[in-house]
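Position 1 is the first residue of the sequence; numbering continues from there. Values reported hereafter were calculated over all heavy atoms of this structure, with side chains retained and with hydrogens, waters and symmetry mates removed.
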Amino acid sequence: MSRIHEALKRAELDRALAQGVPLESGQTAEVSAMPPAISAVPSLSRQLTYETLLSRCAPSNWSPDLQTMLFYNSEQGPGTEEFRTLRSRLYQMREKQPLKKVLVTSSLPKEGKSFVAANLAQALVRQHGRRVLLIDGDLRAARLHLALGTSATPGLSEYLLGEADEFGIMQRGAMENLFFIPAGRSTSNPAELVANGRLKLLLGRVESLFDWVVIDSPPAVPVSDAGLMANHCDGVLMVVRSSATPSDVARKARAEFDDKLLLGVVLNGIKRGSSEYSRYYGAYGRPGENPGPPR
């Protein structure tokens, strides 16, 4: 019996039972023998708790890239103060609007969005008791697993395909209260996956467990993924690389997002000797450069 025919027979039985219509001889036996419907969506019957998350999400052995992951290397190293400032600005905004799920994107590749997303997550989790989920939403050119020194699969693509639940794709490393969902395996249709409704389901399931959710997305100009993901977030941070991003391209990327979603622009790759850097940090006499690795 085909699956379509099975579904029709089940609907016919349900309708008959609801209307009190007597069943034909043998109908009950035939339907009761039908296999249950197969669903890729995990059961949503129970509310997730942090205790459940800890018990189901086993610790992972990460080997972070210390040049990229600033807070793993030193609490006071180059660049850490800038991310603390960014953290403070987000908390100021949070006093005026609901703000938990932050999308980090850029106009073009190699502007530093993954670098910013990863270190923002580390800065946020450094506050006592704060729990942060970092998600690699770049299903086209995933990099966060390389920066954290961990595996890329299973990850977000497996969840969006219905092959894994939230516990099966989430990792936690040595930094307390920092959790990570990698991008997962490469797929031929990332935009369709992002738009299939499962990302909204995932965020709805896990956001109550965390103080912040930081999502690294693909660049906004070449592909549509960032705009689709932004629909499920509370705000967007645009990363612009100093002396590299064309202004017209930056304006085009900015136009992809609603005014209410855009939180601000992160200027990445400023040399410490430049006028932009000196205006704020010159008084502290910190020599050298902090270009920030392009990611």
Side-chain angles (χ1 to χ4, degrees), residues 38-44 48 52-54 56-65 68-69 101-106 109-110 113-122 131-175 178-207 209-210 212-220 222-233 295:
I38 298 175
S39 173
V41 179
S43 173
L44 306 179
L48 294 184
T52 304
L53 178 63
L54 289 177
R56 296 281 303 275
C57 183
S60 305
N61 292 321
W62 295 352
S63 300
D65 176 358
T68 303
M69 303 291 96
K101 296 168 294 197
V102 178
L103 185 80
V104 181
T105 189
S106 61
K110 298 185 181 298
K113 61 180 183 59
S114 298
F115 170 74
V116 170
N119 285 289
L120 173 60
Q122 292 171 70
R131 298 195 293 261
V132 179
L133 174 62
L134 176 63
I135 301 177
D136 193 340
D138 193 341
L139 303 183
R140 300 170 186 270
R143 297 194 62 90
L144 284 179
H145 68 286
L146 299 175
L148 289 170
T150 186
S151 61
T153 58
L156 182 61
S157 62
E158 281 80 8
Y159 185 92
L160 298 181
L161 287 165
E163 298 174 357
D165 64 9
E166 54 275 336
F167 299 115
I169 63 173
M170 199 177 299
Q171 304 179 15
R172 58 186 174 112
M175 187 174 285
L178 178 60
F179 292 75
F180 174 55
I181 294 178
R185 73 173 186 270
S186 298
T187 65
S188 60
N189 57 344
E192 285 74 13
L193 279 184
V194 171
N196 71 4
R198 297 270 289 158
L199 177 61
K200 181 180 180 180
L201 173 66
L202 172 64
L203 295 176
R205 289 279 285 164
V206 304
E207 67 172 309
L209 305 177
F210 299 96
W212 292 93
V213 178
V214 179
I215 306 173
D216 177 28
S217 83
V223 294
S224 62
D225 306 32
L228 295 170
M229 291 181 176
N231 294 330
H232 309 304
C233 295
R295 294 290 185 268

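Between H232 and I215 the shortest side-chain heavy-atom distance does not fall below 4.5 Å. Side-chain contact between L202 and I181: present, with at least one pair of heavy atoms (C-beta onward) separated by less than 4.5 Å. In this structure, the side chains of L161 and R185 come closer than 4.5 Å at one or more pairs of heavy atoms. Contact annotation: the side chain of R172 approaches that of L54 to within less than 4.5 Å [non-hydrogen atoms, C-beta and beyond]. With a 4.5 Å cut-off on side-chain heavy atoms, W212 and L120 do not count as touching. In this structure, the side chains of L144 and I135 stay at 4.5 Å or more apart for every pair of heavy atoms. The closest side-chain heavy-atom distance from R143 to D138 is not below 4.5 Å. A heavy-atom distance below 4.5 Å is not found between the side chains of F210 and L134.
Note: S217 OG to L103 CG = 4.0 Å, rounded to the nearest 0.5 Å. With rounding to the nearest 0.5 angstrom, the CD atom of E158 is 9.0 Å from the CG atom of L160. Remark: S114 OG to H145 NE2 distance equals 10.5 Å, nearest 0.5 Å. Atom-to-atom distance recorded for M69:CE and L178:CG is 9.5 Å, nearest 0.5 angstrom. To the nearest 0.5 Å, the span separating CG on L199 from SG on C233 amounts to 7.0 Å. A distance of 10.5 Å separates OG in S151 from CG in N61, rounded to the nearest 0.5 Å.
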Test salt bridge (Lys or Arg N to Asp or Glu O under 4.0 Å) on R56 and D165 and set out the steps. CA-CA 11 Å; R56 296 281 303 275; D165 64 9; 3.4 Å; yes
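When all heavy atoms of A164 and Y159 are compared, the closest pair comes out as O-CD1, 3.3 Å. For the pair F180 and L133, the tightest heavy-atom approach, listed with the atom from each and the gap, is N-CD1, 4.1 Å. Shortest non-hydrogen contact noted between D225 and R140 is OD1-NH2, 2.8 Å. When all heavy atoms of A220 and T105 are compared, the closest pair comes out as N-OG1, 3.7 Å. Scanning both residues, I169 and G155, for their nearest heavy atoms gives CG2-O, 3.2 Å. F167 approaches T52 most closely through the heavy-atom pair CZ-CG2, 3.6 Å.
N119 contributes a side-chain N or O that, together with a main-chain N or O of T68, makes up a donor-acceptor pair within less than 3.5 Å.
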